[in-house]
Structures are given as C-alpha cells and as structure tokens.
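Okay, so here's the structure we're looking at.
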Amino acid sequence: MTATSECHATDDHRAALRLHAPVNEWFTEHARELPWRRPEAGAWGVMVSEFMLQQTPVSRVLPVYEQWLARWPRPADLAAEEPGEAVRAWGRLGYPRRALRLHGAAAAIAERHGGDVPTGHAQLLALPGVGEYTASAVASFAYGQRHPVLDTNVRRVFTRLFRGREFPPNATTAAERKLARAVLPEEEATAARWAAATMELGALVCTARKPDCRACPVATECAWKIAGSPPHEGPPRRTQTYAGTDRQVRGRLLAVLRETSAPVPKERLDEVWHEPVQRARALDGLVADGLVEPLAGGVYRLPRSRPHSTAR
DNA sequence: TAGGCGTGGCC
DNA sequence: TGGCCAAGCCT
C-alpha cells in the first residue's frame, strides 16, 4: 500500500464526514415507503426483497414480493415447498435461477440456522445466491450492522461524489471497496442508515441517465458536478444483448412450463423457437441449471426433486 | 475476470 | 426504434 493511496483514503474519509448528516437527513425526508422496509418485514422479508431486486426494478418486484411473503412467510415454509413452485411463483421477474437459489437459501436456513435468517455476514455469504452485496445488505438493513454496501447505485454515487467521473468501472475494483470502507460512518446505526440512504440517493436522484442535481443534498460537495459533469470516458459500459440469444429461448421455454402444472411434451416446447440447435442447447441448459426436469417419454416439467445440494 | 443469465419500461 | 438500464451471482 502506497503512502499516496493511504492519504487518498484519509482525504475521502474527511470529506465523507460532512456528507453523512445531509445524506441521512435527506433519506429521512425522501425515502420511499417499501414493504420490505416495514419493521414487520423482518430479516426474511429483507432477504426475499434483496434476491428479487437483483437486476430488477422495484416496480416489478412489489406485487411478486407481496404474494411470496403471503404464501411463504418464513424460510421453512418455502423450504418445505417444491423448488418448481418457487420458479413458478417467480413469474416474469427474470433470471429464474434466483428463485431456485432463494429456495436453496431457505432450505439451508431451515437446516443450518434453525429457521432464522443468520445474522453473521459470513453465514449469509455461505447461502446460495448470496454474494458480497446481498450479505452486506441483509446484515445492514435487517440487523442494523455496519458494512460497506456496494450496489450499482452506491457505486455510481461514490464515483461522482468522490472521483468526479460519471460512471464507475464495469467491474467493482479494490479501490471502490477501499473507498466504501473509508467513507463508512463509524457508528453502527448511522452506517446502516448511510447504506440505505446512499442507495436511495442513487435510485431517486443520482440516476444513471438524468441525475437531478437540484434535488441532491450534497451537490455542492460533488466532484463530478464541480468538474462540470464531464461525460463518461474510457471503455464503453457493458451492455447486454438479448434478442436472438439463448436467454430469450430459455425464457420462452420456461414460460410454457410455468403456465402448465402437467408435464409438457417436447413437441409443445419446440413451438417456441424455430432453430433446432439453439432450441436444444437452451433446453439442455435449463435442465443443467435444475430449472427444468426431464421425465421419461420426452416430457418436461418444473423441478420437483431437490436439484441442488444446499451446502456451499 | 469476462461473460452468461430474463424481462420490460423508458426516452 | 432500439439501445440503455434496473438493489448481482456464479463460474
């Protein structure tokens, strides 16, 4: 570690001290009322919401979240269910492997943690589908712990505020983690609130396309705004193609199976895509992922057997 | 570590 | 219109 970078972190830390109060006060004033922020949501509600919100907008999560919590109010309720039912209830949220992983996480919680969402960051991280972000988010939002929470919103806010650039790098860097830790409030409850507040600021004000700097509580401190809001430089931001990809085929195949409780003959699945090689590859991929269960006689259904070990 | 993995709304 | 974007994870 060079002296220069140590100094940089210290400078960031000093700069951040002036930001904690205005950002957290802005959050008090402007935070959206979301069901997983209600006290009665509990840690399980927080965890379910975090899985569903991975790469998926709040507006589309809301109805599915309500149905999910009503049907499976505790981890053990979901764990006792067929994994295919989790995939079905996932509906059109996208990335259905998340449904399978949430089911696996519920099973692990039931088996390893007595049915209660664990409080330790390492225990959370060991659950299927829980990465660095989700473990920190659950520990922070559900249990009020002090963790750097680096999601796409926070990365963008910090990049603008402290680095003077419009967008963060494609992949999260060690420098970003260091920065997030350096600017984290010392006091536990303040840090947990800061995590939620910086995320909300990124979601509502410091947005990717049209940041509303007039509404920003720390606009006068923002390095990017002070620099004249220079446009993004460097490598183009990673974007995803979809039309014509295996993902689109997988989506169509799974949509058929979600809507049918009885096993579906392969001929019915063949109707969703014209190109046989890609169609077969997509179906094989779904089977390999445990999202589809092949039965004897060329029929398919959502998985009944436990597809994955809950160990990790 | 780059790339696979859904879906839909927005401008 | 179509590229961009949305509270990532996993290999």
Side-chain angles (χ1 to χ4, degrees), chain A residues 27 31-32 34-37 41 45-65 87 90-102 104-105 124-142 147-157 166-174 176 195-204 206-211 232 235-258 272 278 281-282 284-286 288-292 308 312:
Chain A
F27 185 62
R32 290 167 291 180
L34 299 170
W36 43 87
R37 287 178 176 165
V46 172
M47 172 169 278
V48 169
S49 77
E50 291 302 337
F51 270 76
M52 292 182 172
L53 288 164
Q54 290 169 5
Q55 302 279 281
T56 306
V58 166
S59 59
R60 288 176 42 215
V61 165
L62 283 170
V64 183
Y65 171 87
V87 175
W90 199 253
R92 305 189 68 80
L93 280 185
Y95 291 143
R97 290 191 291 194
R98 294 182 292 167
L100 226 43
R101 290 172 182 155
L102 182 51
L124 289 164
L125 198 54
L127 298 172
V130 177
E132 178 61 36
Y133 161 75
T134 302
S136 297
V138 172
S140 185
F141 303 153
H147 297 280
V149 176
L150 262 187
D151 80 321
T152 187
N153 289 305
V154 177
R155 293 183 63 213
R156 188 175 56 248
V157 168
E166 186 179 19
F167 294 118
N170 278 329
T172 305
T173 63
E176 287 182 271
T198 48
M199 279 179 68
E200 191 78 337
L201 189 63
L204 298 183
C206 194
T207 57
R209 284 180 179 156
K210 286 175 62 106
H232 178 71
R237 312 184 61 209
R238 225 177 91 196
T239 62
Q240 313 200 46
T241 56
Y242 180 63
T245 62
D246 287 7
R247 260 188 301 174
Q248 184 178 20
V249 186
R250 288 167 57 108
R252 290 191 182 184
L253 290 170
L254 210 54
V256 171
L257 294 171
R258 270 199 314 264
V272 308
Q278 188 178 23
R281 187 171 65 232
D284 287 349
L286 288 171
D289 287 345
L291 283 163
V292 171
H308 295 307
R312 225 182 84 177

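Remember, predicted model here, so these are calculated numbers, not experimental data. Below, read A as the first sequence line, B as the second, and so on, with proteins coming before strands; counting in each chain starts at 1.
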Minimum-distance pair of heavy atoms, taken over all atoms of F51(A) and A105(A): CZ-CB, 4.2 Å
Do any of residues 47-54 of chain A sit with a heavy atom less than 4.0 Å from DNA chain C, and if so which? E50(A), L53(A), Q54(A)
Please check the phosphate of dG8(C) (OP1 and OP2 only) for any side-chain N or O of Y95(A) closer than 4.0 Å. no
Tell me the interatomic distance from N170(A), atom CG, to dG4(B), atom C1', rounded to whole angstroms. 15 Å
Would you kindly compare P57(A) and T245(A) by the position of their nearest DNA chain B nucleotide and give the one closer to the 5′ end? T245(A)
Among L291(A), V272(A), V292(A), whose side chain to side chain contact (heavy atoms under 4.5 Å, CB included) with L253(A) holds? V272(A)
Interatomic distance, E200(A) CD vs dA6(C) C1' [rounded to whole Å]: 14 Å
Go through the steps to decide whether V249(A) and R281(A) satisfy the test side-chain contact (heavy atoms from CB on, under 4.5 Å), and finish with yes or no. CA-CA 9 Å; V249(A) 186; R281(A) 187 171 65 232; over 6 Å; no
Against the side chain of R156(A), the closest entry in dT7(B), dG4(B), dA6(C) is dA6(C)
Is R247(A) touching bases, backbone alone, or none of the nucleic acid, heavy atoms closer than 4.0 Å? base
For R250(A), give me all partners under salt bridge (charged side-chain N to carboxylate O under 4.0 Å, His left out), at least two apart in sequence or on another chain. D289(A)
Find the distance D289(A):CG to dG4(B):P and express it as a whole number of Å. 14 Å
Against the side chain of R60(A), the closest entry in dC10(C), dA7(C), dT7(B) is dT7(B)
To the nearest Å, give me how far apart CZ (F27(A)) and P (dA7(C)) are. 14 Å
Name the nucleic acid region contacted by A208(A), choosing base, sugar-phosphate or nothing; use a 4.0 angstrom heavy-atom cut-off, strictly under. sugar-phosphate
Contact list (N/O, under 3.5 angstrom) for nucleotides 2-4 of chain C vs protein:
residue	atom	partner	partner atom	Å
dG3(C)	N2	R209(A)	NH2	3.4
dC4(C)	OP2	T239(A)	OG1	3.4
dC4(C)	O2	R209(A)	NH2	2.1

E176(A) meets the salt bridge (charged side-chain N to carboxylate O under 4.0 Å, His left out) criterion, sequence neighbours left out, with R155(A)
Using the test side chain to side chain donor-acceptor pair (under 3.5 Å), find all partners of T152(A) that sit at least two apart in sequence or belong to another chain. none
How many whole angstroms separate atom CD of Q248(A) from atom P of dG4(B)? 15 Å
Answer with base, sugar-phosphate or nothing: what part of the nucleic acid does L150(A) contact at a heavy-atom distance below 4.0 Å? nothing
Sequence neighbours excluded, the answer for salt bridge (charged side-chain N to carboxylate O under 4.0 Å, His left out) partners of R237(A) is none
Looking only at side-chain N and O atoms, does Y133(A) offer a donor or acceptor that is under 3.5 Å from a partner on E50(A)? yes
Counterpart residues, salt bridge (charged side-chain N to carboxylate O under 4.0 Å, His left out), relative to R252(A) (two or more places apart): none
Among dC10(C), dA7(C), dC5(B), the one nearest R97(A) by side-chain distance: dC5(B)
Answer with base, sugar-phosphate or nothing: what part of the nucleic acid does W36(A) contact at a heavy-atom distance below 4.0 Å? base
CG of L100(A) versus P of dC10(C): gap in Å, rounded? 13 Å
Distance-only donor-acceptor test, T56(A) side-chain atoms vs dG6(B) base atoms, 3.5 Å: yes
Atom C1', compared across dA6(C) and dG6(B): separation rounded to whole Å: 12 Å
If each of R101(A) and F141(A) is mapped to the nucleotide of DNA chain C with the nearest heavy atom, which maps nearer the 5' terminus, i.e. the 5' end? F141(A)
Can you say whether a donor on the side chain of R92(A) sits under 3.5 Å from an acceptor on the base of dG8(B), or the other way round? no
Out of dA7(C), dC5(C), dG3(B), minimum distance to the side chain of R238(A) belongs to dG3(B)
Separation of dC5(C) C1' from E166(A) CD (nearest whole Å): 13 Å
Does either side chain, that of Q55(A) or that of R98(A), offer a donor lying less than 3.5 Å from an acceptor on the other one? no
note: L93(A), atom CG; dC5(B), atom P; distance rounded to Å ~ 19 Å
What contact category does T152(A) fall into here, base, sugar-phosphate, or nothing, at under 4.0 angstrom with non-hydrogen atoms? sugar-phosphate
Would you kindly compare D246(A) and S59(A) by the position of their nearest DNA chain B nucleotide and give the one closer to the 5′ end? D246(A)
Taking the same atom, P, in dC4(C) and in dG3(B), what whole-Å distance lies between them? 16 Å
What does R250(A) touch in the nucleic acid at a heavy-atom separation under 4.0 angstrom: a base, only the sugar-phosphate, or nothing? sugar-phosphate
Whole-angstrom distance between dG8(C) and dT1(B), as gauged at atom C1': 15 Å
Qualifying residues under side chain to side chain donor-acceptor pair (under 3.5 Å), relative to S136(A), sequence neighbours excluded: H121(A), E132(A)
Using only side-chain N and O atoms of Q55(A), determine if any of them is under 4.0 Å from OP1 or OP2 of dG8(C). yes
When we call it a touch if two heavy atoms are under 4.0 Å apart, what does L254(A) touch: a base, just sugar-phosphate, or nothing? nothing
Residues in side chain to side chain donor-acceptor pair (under 3.5 Å) contact with Y65(A), at least two apart in sequence or another chain: none
Distance, P atom - from dG8(B) to dC9(C), rounded to whole angstrom: 23 Å
